[in-house]
Amino acid sequence: MRILIISDSHAVTRNIDYALLAHPEARHVFFLGDNVRDIENVKIYHPDRIFHIVHGNCDYDSAYPSVDTVTLGGKKIIFTHGHNFAVKSGSAVLLSKAKNAGADIVLYGHTHVAKAEYIDGIYAVNPGSIAHSREGNNSYAVIDIEQNGIMPIIIKI
């Protein structure tokens with residue numbers, strides 16, 4: 001099973017379209033906030049996909065939660081934008097929440113810096129920003145969840 005992770009689009013929907021078209025096999029799409037309207041505008045063209053959405057610090061009037069949990073492929077996934085977990089100062093607070101919840105994977109955004117780590121039995125993946133990276137290349141992530149393991153991949157665009 002392949003999942004697609006996108007964050008921090010900030011009104012640049014063409015890059016969301018690019019990622020969705022590049023990975024038609026990804027039935028589950030995670031949007032980690034900061035311009036939820038972007039993903040709402042795009043998802044209507046992809047009725048065959050399941051979208052998991054949380055709001056970010058720039059989504060002032062959003063009804064989406066700030067953190068959510070889903071189980072896919074037998075793996076528990078916690079996903080959030082990250083601003084409520086001080087992720088710009090590190091991932092310790094978020095990893096503690098994930099560990100206490102028994103998560104296998106935690107997804108977060110907010111920093112605009114892509115990162116995939118394996119810490120204390122948890123895969124922590126930040127796809128970076130699909131539109132305004134702080135490290136040069138815009139990016140998103142995919143994660144392959146298979147019986148023999150979990151493989152996160154950061155994709156630069």
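As a basis for the values below, the full set of heavy atoms in this structure was taken, side chains included, without hydrogen atoms, waters or symmetry mates. All residue numbers in this chain count up from 1 along the given sequence. These numbers were taken from a predicted model, which means no experiment stands behind them.
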Just verifying a value: how many Å separate [X] [atom1] and [Y] [atom2], rounded to the nearest 0.5 Å?
X      : Y      : atom1 : atom2 : answer
Ile150 : Lys75  : CD1   : NZ    : 5.0 Å
His112 : Glu135 : NE2   : CD    : 11.0 Å
Ser9   : Ile16  : OG    : CD1   : 4.0 Å
Ile153 : His23  : CD1   : NE2   : 8.5 Å
Tyr140 : Ile155 : OH    : CD1   : 4.0 Å
Phe31  : Ile5   : CZ    : CD1   : 13.0 Å

Any luck finding a side-chain donor-acceptor pair between [X] and [Y] under 3.5 Å?
X      : Y      : answer
Asp8   : Ser129 : no
His52  : His28  : yes
Asn126 : Thr111 : yes
His55  : Tyr60  : no
His110 : Asn57  : yes

Please say whether more than 12 non-hydrogen atoms of neighbouring residues, nucleotides or ligands are located less than 6.0 Å from CZ in Arg134.
yes
Spell out, as yes or no, whether a donor-acceptor pair under 3.5 Å connects the side chain of Ser139 to the backbone of Pro127.
yes
Polar side-chain atom of Asn137 near backbone of Lys156 as donor-acceptor pair, under 3.5 Å
no
Assess whether side chain to side chain contact (heavy atoms under 4.5 Å, CB included) is satisfied between Arg14 and Val12, documenting all intermediate values.
CA-CA 6 Å; Arg14 73 179 177 278; Val12 182; 3.5 Å; yes
Decide yes or no on side-chain hydrogen bond (donor to acceptor under 3.5 Å, both in side chains) for Asn138 and His132, but give the supporting numbers first.
CA-CA 6 Å; Asn138 297 326; His132 298 289; over 6 Å; no
Sole candidate of Ile3, Val125, Leu107 that passes side-chain contact (heavy atoms from CB on, under 4.5 Å) when paired with Pro152
Val125
Under the criterion side-chain contact (heavy atoms from CB on, under 4.5 Å), which of Thr80, Val106, Val67 is the partner of Lys97?
Val67
Could Asp144 and Arg2 be called an ion pair, given the rule that one side-chain N must be under 4.0 Å from one carboxylate O?
yes
Do [X] and [Y] make a side-chain contact, defined as non-hydrogen atoms from C-beta onward lying under 4.5 Å apart?
X     : Y      : result
Leu72 : Met1   : yes
Lys76 : Ile105 : no
Leu4  : Leu20  : yes
Asp59 : Tyr64  : no
His81 : Ser7   : yes
Ile6  : Leu32  : no
His46 : Phe51  : yes
Ile77 : Thr71  : no

Go through it in stages, so that I can follow the logic: the residues are Ile53 and Lys43, the test is side chain to side chain contact (heavy atoms under 4.5 Å, CB included), and I'd like the CA-CA distance, side-chain angles, deciding distance and then a yes or no.
CA-CA 11 Å; Ile53 303 169; Lys43 79 178 191 174; 4.2 Å; yes
